[in-house]
S.K.: 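Quick one: structure below, then a few questions.
All figures in this text were calculated on a predicted structure; none of them were measured in a lab. Quick note: residue numbers are just sequence positions, from 1. Any value given below was found using the heavy atoms of this structure, including those in side chains, with hydrogens, waters and symmetry copies removed.
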Amino acid sequence: MKGRERIFEILDNVPLGIFILSKEFTVVFWNKCLEEWTEISKDEITGVNICDRFAHFKNPKYFNRIKVIFEGWPPILFSAYLHNNIINTPLSNGQMRLQNASVTALRLEAGEIYAIFVIQDVTDLITLLKEHKVMRDNALKELLMRQKMEERLKENEEKFRTITSSAMDAIILIDHELNVSYWNPAAQEMFDYPSNEIIGRSIYSIFPFSSCTDDVLMALSGHAQRHHSTGNNKMIFLLYGRKKDTTEFPIEVSLSSYLMRDNRWTVSIVRDITQRKKMEQMLESLAHYDSLTSLPNRVLFNTRFNMALEMAKREKRLIAVMYLDLDRFKFVNDTLGHDIGDMLLKEVAFRLQSILRKSDTVARMGGDEFTIILTSIRDVNDVTSVANKVIEIINKPFYLKGHECGVGTSIGITIYPHDGDNIETLLGNADTAMYIAKKDTKNAFRLFTPEMNILAHEHLKMEVNLRSAIKNNEFLLHYQPLVDINKKKIVGLEALIRWNQPYLGLLPPMKFISIAEETGLVVQMTDWVIKSVCAQIIKWRGNGVPTPRIAINVSGSYLRQSDRIDALGKMLEGLNLSTECLELELTENIFLNDSGIISNNLKKLSEMGLYLSIDDFGTGYSSLGYIKHMPINKLKIDTSFIHDIPNDSDNVAIVTAIVAMAHSLNLRVIAEGVETLDQLDFLSYLHCDEMQGFLFSKPLRPEDCEKHLLNCDFYNETILNAATQTA
């Protein structure tokens, strides 16, 4: 305290006004000179907030300047802020005095920072000057104006430092010798140089000379190019910055220059664009590469093909385009889940890349479809060799999260210039050839031929007409009797759909069912068949016609629709029809891709009371385990096994085994395609339960079928007519 008291004692006797403020703006010292000027005693003012007694201190122009002293800024900077500022100070007696005030920081005990004000009263001096004409009025005004200008300049300096200190971008002032003269906090953070290490150093310390283009060098040297300017003299460049540890990173630099005191200065605003570059690279990747497999996508595929096409035209070379579609991928995806499906697609992409040259391109077009561009091929043999390698490598098992998966691939191949000279034509041709490969055998490749386009157009036309047929109700049903050998009577009917095509006439299912399956239209067609059969049963019963169980063919697509299974039961209940009036015929292949949904729905149908049978038995799924576990009531032997019996020994053995196996499992057996008495006799010998075929009746219109249902002697008349024709 003695040191502080000694300082106060000295200041108390100085012939200038001196007071000291704490960081709370309270007065801690007030000397005698101020007591005389203000008529405010030391005891009266000590501990009082200066703003409460002198309102002008509340003015931000003064308040903010004083406040920063307590925030650790260099005292020399702030002593200049109020130095030689003439302010009007109101006194307690109401008078106004002109005072020249300066302020600086003062450290007392324990390092505490205070603000010390030194005030010179110039009221009397200025009055004397004016009264004695020592100074002209204009000179006085000039003096006062100069003081105000200095104050404004210092205010602008303060604003500049305040703004640049809070700026997010690095702001660097470069002098005419290309050295750094100012460096804001953002620049320090960006480049890791503190101000005392970078001020005075060459700008090329942070803008590596090697990354500066000629335009940047010219802009820095003052020879700016107008066409790079975004304004009067503001230019923006992309280059690399260098940190203190020599790490380089991408930056965007805005340069603008101005002249001051015959020297050129440059203001550089620098922005770190590392994240922006990463985002641009990510967007570039998203735009041109598949996010799952990292293969080129359709956009990049088209770009690379056009480049390859231009080169092939110049060098008169061949290009091959291969279109791949994975076989059984949907089964893997539905059965094991989308995660396994995605892993499978990644592995397929890896395998394809492993067998191709760097000059070739493999791309993912979407889903499970891939394309390959083969460049610099000599002939078709080169292409077929690659196709065989692709099939071979895709056929190898995939081991994914403990699961062994097996898929194949169907490939369509087209060649430039034989099959087309642009990407649209060639891709379309490859797609067509791929469709033919998948339709024929799957897991194979087909080279495009012009005839394929004819088939493709016919297929497309058939699909369009089929959609129109559903909308225009162009279908009708025929019914073929199912005959019980022991009872010698009709015990069932099979409903067979026909398409009454306006231009092609009456078409059997084999002409359009496969297209309906591919397009998913088969589900809507099945809905129509079921409703039509139910309506026919009601009509026949209303006319007193004895109506047996009617069999309807249903596809795996329909059996996967759980909502339709539920709707079927509600519809039969609403029509007051027993579920026993219907029999659903299923193909063996529906069990091949069963993920559990079909099995559950079959059990639900069986519990509802519907009769279930396997159609075309022996031609599809090789495993017989499903027969034991599924609620199947009947097996239907395919007509291909019936055709040559009893003369074909192989078919005889097969049919004999099927009948014996079915009976051992308590299943009824029906043979379809029975056309001769010899076939009838042999099947009767095997105790085959039911038969269906032209021997008894071809598929009939409802009105013709009704006559057979009403004929009690139908069986005997049929056999007699057949025996007569044979004789």
S.K.: Got a sec, which pairs hit side chain to side chain donor-acceptor pair (under 3.5 Å) with one end in residues 529-546, sequence neighbours left out?
M.R.: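 Sorted pair list: Trp540-Glu706.
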S.K.: Taking only residues two or more places apart in sequence or in another chain, which ones pass side-chain hydrogen bond (donor to acceptor under 3.5 Å, both in side chains) with Thr293?
M.R.: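 Scan of Thr293 (side-chain hydrogen bond (donor to acceptor under 3.5 Å, both in side chains), adjacent residues dropped) gives Asp290.
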S.K.: Look at the rings of Phe475 and Trp528 and say which category their plane angle falls in: under 30° parallel, 30 to 60° tilted, over 60° perpendicular.
M.R.: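 Rings of Phe475 and Trp528: tilted, 30 to 60°.
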S.K.: Applying side chain to side chain donor-acceptor pair (under 3.5 Å), which residue pairs with at least one partner in residues 400-413 are found, sequence neighbours left out?
M.R.: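 Side chain to side chain donor-acceptor pair (under 3.5 Å) check on residues 400-413 returns Asp327-Ser410.
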S.K.: My understanding is that only residues two or more places apart in sequence, or in another chain, count here; which of them pass salt bridge (charged side-chain N to carboxylate O under 4.0 Å, His left out) with Arg564?
M.R.: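 With sequence neighbours excluded, Arg564 shows a salt bridge (charged side-chain N to carboxylate O under 4.0 Å, His left out) to Asp527, given in chain and number order.
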S.K.: Name all residues meeting the side-chain contact (heavy atoms from CB on, under 4.5 Å) criterion together with Val348; count only those two or more places apart in sequence or in a different chain, and write none if there are none.
M.R.: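 Val348 satisfies side-chain contact (heavy atoms from CB on, under 4.5 Å) with Leu326, Leu344, Leu352, Phe370, Ile394, Phe398 only.
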S.K.: Mark yes or no for whether Asn465, through its side chain, and Lys461, through its backbone, hold a donor-acceptor pair below 3.5 Å.
M.R.: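 It does hold such a pair.
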S.K.: I'd like to check the salt bridge (charged side-chain N to carboxylate O under 4.0 Å, His left out) partners of Lys488; sequence neighbours left out, ordered by chain and number.
M.R.: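 In terms of salt bridge (charged side-chain N to carboxylate O under 4.0 Å, His left out), with neighbours along the sequence ignored, Lys488 is linked to no residue.
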S.K.: According to the ring-ring contact (aromatic ring centres under 6.0 Å, His included) rule, which pairs have a member within residues 544-577, sequence neighbours left out?
M.R.: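 Sorted pair list comes back empty.
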S.K.: Would you say the side-chain atoms of Asn553 and Glu494 include a donor-acceptor pair closer than 3.5 Å?
M.R.: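 Indeed, the side chains of Asn553 and Glu494 share at least one donor-acceptor pair under 3.5 Å.
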S.K.: Which residues pass the side-chain contact (heavy atoms from CB on, under 4.5 Å) test with Asn486, not counting sequence neighbours?
M.R.: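 Testing Asn486 for side-chain contact (heavy atoms from CB on, under 4.5 Å), a comparison that skips the adjacent residues, returns Asp484.
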S.K.: Excluding sequence neighbours, so at least two apart, what forms side-chain contact (heavy atoms from CB on, under 4.5 Å) with Glu573?
M.R.: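 Glu573 satisfies side-chain contact (heavy atoms from CB on, under 4.5 Å) with no residue once adjacent residues are dropped.
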S.K.: Asp325 pairs by salt bridge (Lys or Arg N to Asp or Glu O under 4.0 Å) with which of Arg446, Lys330, Lys438?
M.R.: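 Among Arg446, Lys330, Lys438, the one meeting salt bridge (Lys or Arg N to Asp or Glu O under 4.0 Å) with Asp325 is Lys438.
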S.K.: Which residues pass the salt bridge (charged side-chain N to carboxylate O under 4.0 Å, His left out) test with Glu463, sequence neighbours left out?
M.R.: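 Only Arg467 meet the salt bridge (charged side-chain N to carboxylate O under 4.0 Å, His left out) criterion with Glu463.
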S.K.: With sequence neighbours left out, what residues match Asp342 under salt bridge (charged side-chain N to carboxylate O under 4.0 Å, His left out)?
M.R.: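 Asp342 satisfies salt bridge (charged side-chain N to carboxylate O under 4.0 Å, His left out) with no other residue.
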S.K.: Tell me, which pairs form a side chain to side chain donor-acceptor pair (under 3.5 Å) where one or both residues lie in residues 412-425, sequence neighbours left out?
M.R.: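 Of all non-adjacent pairs touching residues 412-425, those that pass side chain to side chain donor-acceptor pair (under 3.5 Å) are Thr414-Asp419, Asn422-Thr425.
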